Colleague: 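Sharing a structure, written as structure tokens. Questions coming.
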Amino acid sequence: MTASPLLETVRIDLGERSYPILIGAGLLDQPSTWADLPRAAMALIVTNDTVGPLYVNRLQAALKAHYGQIEVVTLPDGESHKDWQTLNLIFDSLLSKGADRKTVLFALGGGVIGDMTGFAAACYMRGVPFVQVPTTLLSQVDSSVGGKTAINHPIGKNMIGAFYQPHRVVCDLDTLQTLPEREVSAGLAEIIKYGPIADMAFLDWIDANLAALKARDAKALAHAVKRSCEIKAWVVGQDERESGLRAILNFGHTFGHAIEAGLGFGTWLHGEAVGCGMVMAATLSERLGLIDAHFVTRLRDLIARAGLPTVAPDLGVEAYLHHMRVDKKAQAGEIRFVLIDSPGSAIVQGAPDALVAQVVTACCSA
Ligand code: NAD
Ligand code: GLY
């Protein structure tokens, strides 16, 4: 592993809840990465049985410079474990080890670990500090940033949770080298997302650098993580609790969450569902007359080249409508979609059920 200096810092500006996102190679091992965090007698690292064996010893060693007692809780891996029962293992660990309200939690893993650790930190003794240490591409470009924390309910994705900001996000790009290929593609979905909603120049850059990203070229990954975090910081800085603008970050997620819940959590990866969901949301945007067919074709091709599915699973139209009615954006039973109103710009609005049904049917057989 290379121990090179910090490459970039992106700031999330939220007044007293502001924090930095550190992006670099070899950050995990450097005690300086972890300096100036809230002081505490104990740190608890939350990880899973895949990521722990790869990285927990290194994080423990680096944290020794700052905490007298460092404990680890290892959760079972997988989206299907993003639930109450598994969340409770974090509380069991905190309580049995005598954690107090200053104890700092470190989320070492992908979005599932980050979302659950953040939620545990929001709840334990009504709130303790936590640090995000994202180790997947998806979590470095999206889930570790912005303070959304949650677990799933069998009826709906991320339905139980809290807005709770971390004290720091540490993206060690070296950790991406051990990711399975399928997970790299899943992360690319959330990177691609930022183009149609906010930055077409970034979409052009992704298009031109897709091979380098898939090959995990360090320079390409560093730029993709930085630009994604900058766009997310720009959105979250204006609308932390999603009273408006922040909903655009859910482009592809309304259809995507229906795919995840409909197939059973963990069957398709979150990024795969979002990739296919973006094709469906773009198709709906086109059928509403907002964008042209050329844009949808371009996006579909890019998503396919990223290694993501573009044909939706045939759950049946009724199942899609049913799952989308429990989406958090729904209001009074009306499903609201993130739509592209022109390349690089998104809006949130409803659409007639009949038209949505046509889009679902078309996308299941495309
Ligand atoms: P994940 O956390 O399940 O990680 C994917 C897989 O990669 C897991 O098996 C994990 O153990 C493994 N892994 C992680 N790091 C690794 C590494 N460096 N080397 C080898 N294997 C590694 O999935 P994800 O894609 O990171 O996150 C998806 C989750 O994030 C979903 O639950 C989704 O709802 C959530 N999410 C939240 C937000 C938010 O704003 N909070 C945004 C997007 C997604
Ligand atoms: N991933 C969507 C959000 O953070 O709002």
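Since the structure is predicted, the reported quantities are computational estimates derived from the model, not experimental observations. Whatever order the structure lists ligands and atoms in, that order sets their numbers, starting from 1.
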Colleague: What protein heavy atom sits nearest atom 13 (N) of ligand 1, and how far away is it?
Modeller: Val51 CG2, 3.6 Å
Colleague: Check each heavy atom of Val145 against ligand 2 and say whether those closer than 4.0 Å belong to the side chain, the backbone, both or neither.
Modeller: neither
Colleague: So, Glu79 and Lys157, do they make that salt bridge, N to O below 4.0 Å?
Modeller: yes
Colleague: Looking only at protein heavy atoms, which one is nearest to atom 19 (N) of ligand 1, and how far off is it?
Modeller: Thr178 OG1, 2.7 Å
Colleague: Give the residue, atom name and distance (to 0.1 Å) of the protein heavy atom nearest atom 22 (C) of ligand 1.
Modeller: Leu179 CD2, 3.7 Å
Colleague: Do any N/O atoms on His253 end up under 3.5 angstrom from N/O atoms on ligand 2?
Modeller: no
Colleague: Judged by non-hydrogen atoms, does Glu190 sit under 4.0 Å from ligand 1?
Modeller: yes
Colleague: Provide the number and element of each atom of ligand 1 under 4.0 Å from a heavy atom of Asn48.
Modeller: 10 (C), 11 (O)
Colleague: Which ligand 1 atoms are under 4.0 Å away from a heavy-atom of Val112?
Modeller: 1 (P), 2 (O), 3 (O), 27 (O), 29 (C), 32 (O)
Colleague: Tell me which one of Asp142, Asp77, Asp174, Val133 gets a heavy atom nearest to atom 43 (C) of ligand 1.
Modeller: Asp142
Colleague: Which ligand 1 atoms does Asn158 reach within 4.0 Å, using its non-hydrogen atoms?
Modeller: 34 (O)
Colleague: Could you work out, for atom 24 (P) of ligand 1, the closest of Gly266, Gly52, Gly111, Ser143 by heavy-atom distance?
Modeller: Gly111
Colleague: What atoms of ligand 1 come within less than 4.0 Å of a heavy atom belonging to Lys157?
Modeller: 31 (C), 32 (O), 33 (C), 34 (O)
Colleague: Hey, do the aromatic rings of Phe337 and Phe251 have their centres closer than 6.0 Å?
Modeller: no
Colleague: Taking Arg216 first and then Asp174, would you say they form a salt bridge - that is, a charged N and a carboxylate O separated by under 4.0 Å?
Modeller: no
Colleague: To the nearest 0.5 Å, how far apart are SG in Cys171 and CD1 in Ile23?
Modeller: 5.5 Å
Colleague: Counting each atom of ligand 1 from 1 as listed, which ones have a heavy atom of Lys82 under 4.0 Å away?
Modeller: 31 (C), 32 (O), 33 (C), 34 (O), 35 (C)
Colleague: Exactly one of Arg168, His167, Gln165 should register a side-chain hydrogen bond (donor to acceptor under 3.5 Å, both in side chains) with Tyr19. Which one does?
Modeller: Gln165
Colleague: For atom 31 (C) of ligand 1, what's the nearest protein heavy-atom neighbour? Residue, atom name and distance, please.
Modeller: Glu79 OE1, 3.1 Å
Colleague: Pull out every atom of ligand 1 sitting under 4.0 Å from any heavy atom of Tyr55, numbered as shown with elements.
Modeller: 18 (N)
Colleague: Which ligand 2 atoms does Lys148 reach within 4.0 Å, using its non-hydrogen atoms?
Modeller: 2 (C), 3 (C), 4 (O), 5 (O)
Colleague: Can you confirm whether Lys102 is buried at NZ, in the sense that more than 12 heavy atoms of other residues, nucleotides or ligands lie under 6.0 Å from that atom?
Modeller: no
Colleague: For the pair Asp217 and Lys219, find out whether any cationic side-chain nitrogen is under 4.0 Å from an anionic carboxylate oxygen.
Modeller: no
Colleague: Under 4.0 Å from a heavy atom of Leu54: which atoms of ligand 1 are those, numbered in the order shown and with their elements?
Modeller: 19 (N), 20 (C)
Colleague: Output the list of atoms in ligand 1 that are nearer than 4.0 Å to some heavy atom of Lys232, sorted by atom number.
Modeller: 40 (O)
Colleague: Quick one: does Lys232 get within less than 4.0 Å of ligand 2, heavy atoms only?
Modeller: yes
Colleague: Just to be sure I'm reading this right: ignoring hydrogens, which of Leu108, Thr50, Asp115 gets closest to atom 35 (C) of ligand 1? Compare them by their nearest heavy atoms.
Modeller: Asp115
